Each structure stands twice: as C-alpha cells, then as structure tokens.
Amino acid sequence: MTLLAGYTSKTIEDEMLSQSKGVIREVLSITPPAQRGEGVKLMGVAARRAGEARIDADLRGVFQGVKIRGFRMVPHLFGDRSPEVGKKPPYRVATKEKHLNVEGIYNARQASRSRRGKKSLTRGQRAPYYVDEKKLDALARKLKGNVGKLAQGFKPAADRLGLAMPVYARGQHNAPGSIDIDFKPNHLRIVFTNNVSYSALVPDMPRRMQWAVDQQARKIERQLPYLIRKAARDSGFKVRS
C-alpha cells in the first residue's frame with residue numbers, strides 16, 4: 001500500500017482507507033447467504049432467496065409439521081374393558097405435545113452442525129421430530145427475518161468507509177459491529193469487528209476473512225505494474241511492454 005500510495009498521489013492513510021473498503025466489499029460478497037466461488041455468485045435478492053430456501057431445507061431435515069389438536073381418536077381403549085355406557089369406538093383420547101421447544105431443538109442442531117463442520121442440518125437416520133405446524137411456521141418466519149443479519153455486523157465498517165450494504169442486508173437489522181481507525185506516526189491500523197452472536201458459528205469464518213484480505217492484496221499486485229509503466233511514460237522514459 002505504501003508503494004501504491006506513491007503512484008496514486010494519495011497519502012498512505014487514504015490508501016489504507018480505500019483498501020479497507022475493498023476488503024469489506026469482498027467480505028460481504030462471501031458472508032452467508034451471499035456466495036461467491038466455484039462458478040457461483042449470489043448477491044442481492046438472489047442471495048436473500050437462497051438464504052430463505054436454505055432455512056426451509058434445514059427445517060425439513062429435522063421437523064415435520066403436524067396438526068396438534070390435543071386429542072386423537074383410537075379404535076380401542078387398552079386397559080379399559082368397560083367404557084362409559086353409550087360410548088362406541090373410535091374413542092377420543094387426550095394427547096400432549098411431545099416436542100414443546102421447537103426453536104430450542106433447532107438451535108441445538110445448529111450448534112451440533114457447526115461443531116462437526118457439516119453443511120446441512122439433518123437429524124440423521126431417525127424419524128423427524130413431529131411438531132405443531134403452527135410453531136414450525138412461526139419459527140420459519142422468524143429465521144427468514146434474520147437473513148442478512150450476519151452481514152449487518154459489518155455495517156458500521158461499511159458506513160464509515162463509504163460502502164453501500166448489499167440488498168439482502170439493508171435496513172432490517174440493528175446488528176452489533178464496530179470499526180476502529182487508529183492512525184499514528186509509524187502505526188496505522190484499521191480493525192473492523194462483527195459482534196453478531198452466532199458469527200463464530202459460521203463454518204470457516206477465519207478462512208473467509210483471510211480470503212477477503214488476500215483478494216484485495218492481489219488487486220494491488222495487479223494494479224502496480226500498470227501504474228509503474230504509466231509513471232515511467234509520463235516521465236518521458238521508454239517503456240517496453
């Protein structure tokens with residue numbers, strides 16, 4: 001960046017701000033539900049739809065919604081050989097909901113997936129959890145409302161550096177994050193932090209961050225030869241391309 005600043009007539013502080021903006025842009029391009037790499041690029045509305053579809057798939061992998069009516073009809077009353085006079089089968093029997101905390105089960109499965117590095121949320125070979133379909137629908141709406149929240153943790157940095165947030169992460173959240181710009185003689189540092197509670201559960205988060213930094217570094221490396229040749233031409237030197 002020091003060399004680049006010399007050829008762009010910027011101060012090293014301005015160049016550092018500019019390159020940090022580029023790093024944040026790269027980070028947002030790979031923060032779920034956004035995807036980039038291996039021929040896939042999802043941003044904006046497409047990323048939001050992909051995130052919502054992933055939630056539906058995760059929920060279907062664990063739960064099956066059923067109507068919980070509080071009773072069921074059975075043809076026999078086991079253990080009761082003398083039902084009330086006038087009663088005929090099928091008999092109405094009270095039932096209780098077996099899995100009360102649907103969101104708790106989902107969160108536990110998410111944590112398990114993160115520990116094991118799995119991409120999909122499944123219950124394994126056992127039968128799905130049968131849960132009240134109204135609770136399942138409510139959980140789906142809540143989770144879909146959080147699509148883009150992780151990216152919002154980078155919003156303070158994006159705002160400070162003059163970068164617009166992607167469409168899938170605009171305005172609907174107030175996620176925690178920060179940016180610290182510390183410029184002193186011989187000491188230049190910019191630190192941006194994502195404090196969304198589950199950011200540490202995202203698979204390969206450190207690798208994602210390093211990828212973003214490396215991408216920006218490669219942009220500088222590609223730009224420098226062009227700037228050096230341009231400076232030489234502007235100075236009157238013959239440049240062999």
Side-chain angles (χ1 to χ4, degrees), residues 27-37 40 42-70 95-158 165-178 192-212:
V27 166
L28 290 172
S29 77
I30 57 170
T31 298
Q35 298 180 46
R36 179 178 172 183
V40 176
L42 286 178
M43 293 292 291
V45 175
R48 167 169 289 282
R49 290 173 178 167
E52 292 174 347
R54 178 61 179 272
I55 288 169
D56 285 332
D58 281 349
L59 290 175
R60 286 195 302 270
V62 179
F63 304 106
Q64 181 173 327
V66 294
K67 290 184 178 180
I68 305 294
R69 297 181 295 178
T95 60
K96 294 182 179 180
E97 188 177 356
K98 187 175 182 180
H99 305 293
L100 299 175
N101 188 358
V102 178
E103 186 171 0
I105 295 172
Y106 177 83
N107 291 337
R109 297 299 299 173
Q110 283 279 28
S112 175
R113 178 181 69 171
S114 298
R115 288 194 301 269
R116 298 177 184 181
K118 292 184 177 181
K119 293 183 178 180
S120 299
L121 189 67
T122 63
R123 193 165 183 252
Q125 300 301 317
R126 294 174 292 171
Y129 290 102
Y130 294 97
V131 299
D132 187 340
E133 61 184 17
K134 292 182 180 179
K135 285 187 176 181
L136 191 57
D137 289 343
L139 177 58
R141 287 193 298 271
K142 178 179 179 180
L143 295 174
K144 290 177 182 180
N146 284 334
V147 172
K149 182 176 180 179
L150 182 61
Q152 280 281 318
F154 297 114
K155 189 175 186 301
M165 292 294 289
V167 173
Y168 70 86
R170 289 182 187 170
Q172 72 271 38
H173 305 297
N174 186 23
S178 63
F192 55 88
T193 306
N194 187 327
N195 287 322
V196 173
S197 59
Y198 54 84
S199 60
L201 298 178
V202 177
D204 300 327
M205 198 65 168
R207 183 180 63 82
R208 292 169 186 264
M209 300 300 100
Q210 188 59 54
W211 179 90

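Quantities reported herein were computed from a predicted structural model and do not represent experimental measurements. Only this structure's heavy atoms are used, side chains among them; waters, hydrogens and symmetry mates stay out.
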Mind checking salt bridge (Lys or Arg N to Asp or Glu O under 4.0 Å) for [X] and listing every partner two or more places apart, or none if nothing turns up?
X: Asp137; result: none
X: Glu133; result: none
X: Lys134; result: none

Checking [X] now: which residues fulfil side chain to side chain contact (heavy atoms under 4.5 Å, CB included) with it, not counting sequence neighbours?
X: Ser197; value: none
X: Ala212; value: Val23, Glu26, Val27
X: Pro156; value: none

[X] to [Y] - nearest heavy-atom pair and separation:
X: Gly44; Y: Tyr168; value: O-CB, 3.4 Å
X: Leu28; Y: Pro166; value: CD1-CD, 3.8 Å
X: Leu136; Y: Val102; value: CD1-CG1, 4.4 Å

Is there a donor-acceptor pair closer than 3.5 Å between any side-chain N or O of [X] and the backbone N or O of [Y]?
X: Arg208; Y: Ile30; value: yes
X: Asn101; Y: Gly104; value: yes
X: Asn194; Y: Leu150; value: yes

For [X], all residues meeting side chain to side chain donor-acceptor pair (under 3.5 Å), sequence neighbours excluded:
X: Gln64; result: none
X: Lys144; result: Asp56
X: Gln210; result: Asp214

What I want to find out is whether Asp204 reaches Arg207 closely enough, with some N-O distance under 4.0 Å, to be called a salt bridge. yes
Take the angle between the ring planes of Phe63 and Tyr129 and call it parallel below 30°, perpendicular above 60°, tilted in between. tilted
For residues Val167 and Arg48, determine if any side-chain heavy atom of one lies less than 4.5 Å from a side-chain heavy atom of the other. no
